[in-house]
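One structure below.
Note: hydrogens, waters and symmetry copies are ignored here, and every other heavy atom, side chains too, is used.
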Amino acid sequence: MAHIVRKYPLSLLCLALIFLLSFTPFFPETPLDDIDFIDKWTHLVMYGGTTSVIWWEYLRTHQQLNASKLLLWACLGMILLGGLVELGQAYCTTTRSGEWLDFWADSIGVLLGNLLGWLLHLFFHFSVSK
């Protein structure tokens with residue numbers, strides 16, 4: 001467990017922030033509330049940013065890319081997390097709701113984060129393990 005904390009401190013921080021922000025009962029109003037779909041953009045950025053950080057920390061700490069491991073954790077794991085958070089909001093809180101559009105925004109963010117991660121790999125790493 002300690003090696004995961006050493007290799008992925010920013011990823012773990014991002015994941016903790018996702019949980020904190022997802023289950024906080026209220027948010028103060030801001031001028032950004034007037035932007036259409038601002039909550040969906042927020043989901044896209046949170047999940048895309050976290051996925052990108054996972055890729056960056058993985059590439060920083062590994063010599064070879066294990067594509068199946070990244071597919072499992074940075075893609076499927078993050079999409080599953082988005083779904084579980086939405087279900088948690090729907091069934092475990094009284095102040096938040098789970099929404100399909102939030103889940104889609106999470107998933108699109110994850111896919112964009114994986115695309116960015118793959119581009120980071122292409123520009124800075126050249127070996128791929130099977």
Side-chain angles (χ1 to χ4, degrees):
M1 182 68 169
H3 73 284
I4 292 173
V5 174
R6 273 195 314 276
K7 285 185 176 184
Y8 302 100
L10 295 176
S11 299
L12 294 172
L13 178 64
C14 288
L15 291 169
L17 285 172
I18 284 175
F19 276 102
L20 177 69
L21 294 172
S22 296
F23 292 101
T24 299
F26 67 92
F27 287 98
E29 290 196 23
T30 70
L32 295 176
D33 291 339
D34 296 333
I35 298 173
D36 290 335
F37 301 108
I38 188 64
D39 61 323
K40 307 313 177 232
W41 288 107
T42 303
H43 281 261
L44 188 137
V45 169
M46 282 193 320
Y47 281 81
T50 299
T51 302
S52 299
V53 169
I54 291 170
W55 267 88
W56 177 74
E57 289 188 320
Y58 181 90
L59 293 173
R60 182 178 58 85
T61 58
H62 293 81
Q63 293 297 316
Q64 288 192 321
L65 180 78
N66 183 334
S68 60
K69 183 183 275 189
L70 276 168
L71 175 66
L72 178 66
W73 294 110
C75 193
L76 298 177
M78 287 298 295
I79 290 172
L80 180 64
L81 174 68
L84 290 174
V85 165
E86 291 305 317
L87 289 172
Q89 287 178 330
Y91 295 108
C92 300
T93 69
T94 57
T95 58
R96 303 299 296 263
S97 63
E99 296 181 26
W100 278 106
L101 284 178
D102 287 349
F103 174 69
W104 283 109
D106 298 343
S107 300
I108 291 168
V110 168
L111 295 175
L112 291 174
N114 277 288
L115 176 63
L116 179 61
W118 187 254
L119 292 173
L120 284 172
H121 164 68
L122 290 178
F123 287 112
F124 298 108
H125 291 271
F126 302 102
S127 58
V128 178
S129 65
K130 293 182 179 182

Gap separating the [atom1] atom of [X] from the [atom2] atom of [Y], nearest 0.5 angstrom:
{"X": "Leu17", "Y": "Leu12", "atom1": "CG", "atom2": "CG", "result": "11.0 Å"}
{"X": "Leu101", "Y": "Asp39", "atom1": "CG", "atom2": "CG", "result": "8.5 Å"}
{"X": "His3", "Y": "Tyr8", "atom1": "NE2", "atom2": "OH", "result": "8.0 Å"}
{"X": "Trp73", "Y": "Asn66", "atom1": "CH2", "atom2": "CG", "result": "12.5 Å"}
{"X": "Trp41", "Y": "Asp36", "atom1": "CH2", "atom2": "CG", "result": "11.0 Å"}
{"X": "Leu84", "Y": "Ile79", "atom1": "CG", "atom2": "CD1", "result": "12.0 Å"}

Hydrophobic cluster membership, with links at side-chain heavy-atom distances under 4.5 Å among I/L/V/M/F/W/Y: are [X] and [Y] in one?
{"X": "Ile4", "Y": "Leu72", "value": "no"}
{"X": "Met46", "Y": "Leu20", "value": "no"}
{"X": "Leu59", "Y": "Leu122", "value": "yes"}
{"X": "Leu21", "Y": "Ile54", "value": "yes"}
{"X": "Phe124", "Y": "Trp118", "value": "yes"}

Non-hydrogen atoms of [X] and [Y] that approach each other most closely:
{"X": "Arg96", "Y": "Thr24", "value": "NH1-O, 2.8 Å"}
{"X": "Leu111", "Y": "Cys75", "value": "CD2-SG, 4.1 Å"}
{"X": "Trp55", "Y": "Gly113", "value": "CD1-O, 4.1 Å"}
{"X": "Ser97", "Y": "Gln89", "value": "O-OE1, 3.4 Å"}

Checklist entry - Are the side chain of Asn114 and the backbone N or O of Ala74 linked by a donor-acceptor pair below 3.5 Å? => result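 Confirmed, Asn114 side chain pairs with Ala74 backbone.
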Next on the checklist: If we ignore hydrogens and angles and just use 3.5 Å, is the side chain of Arg60 paired with the main-chain N or O of Lys7 as donor and acceptor?
Outcome noted: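 Looks like yes, one N/O pair under 3.5 Å.
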Checklist entry - Which of these passes side-chain contact (heavy atoms from CB on, under 4.5 Å) with Thr50: Val110, Leu81, Leu15? => result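 With Thr50 as partner, side-chain contact (heavy atoms from CB on, under 4.5 Å) holds for just one option, Leu15.
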Do the side chains of [Y] and [X] get nearer than 4.5 Å, heavy atoms only?
{"X": "Tyr47", "Y": "Leu112", "result": "no"}
{"X": "Ser52", "Y": "Trp56", "result": "no"}
{"X": "His43", "Y": "Glu86", "result": "yes"}

Item to check | Other residues, nucleotides, ligands: >12 heavy atoms within 6.0 Å of Phe23 CZ | outcome: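 Above 12, so yes.
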Checklist entry - Which word best sums up how the rings of His62 and Tyr58 line up, parallel for under 30°, tilted for 30 to 60°, or perpendicular for over 60°? => result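 Parallel: the ring planes of His62 and Tyr58 meet at under 30°.
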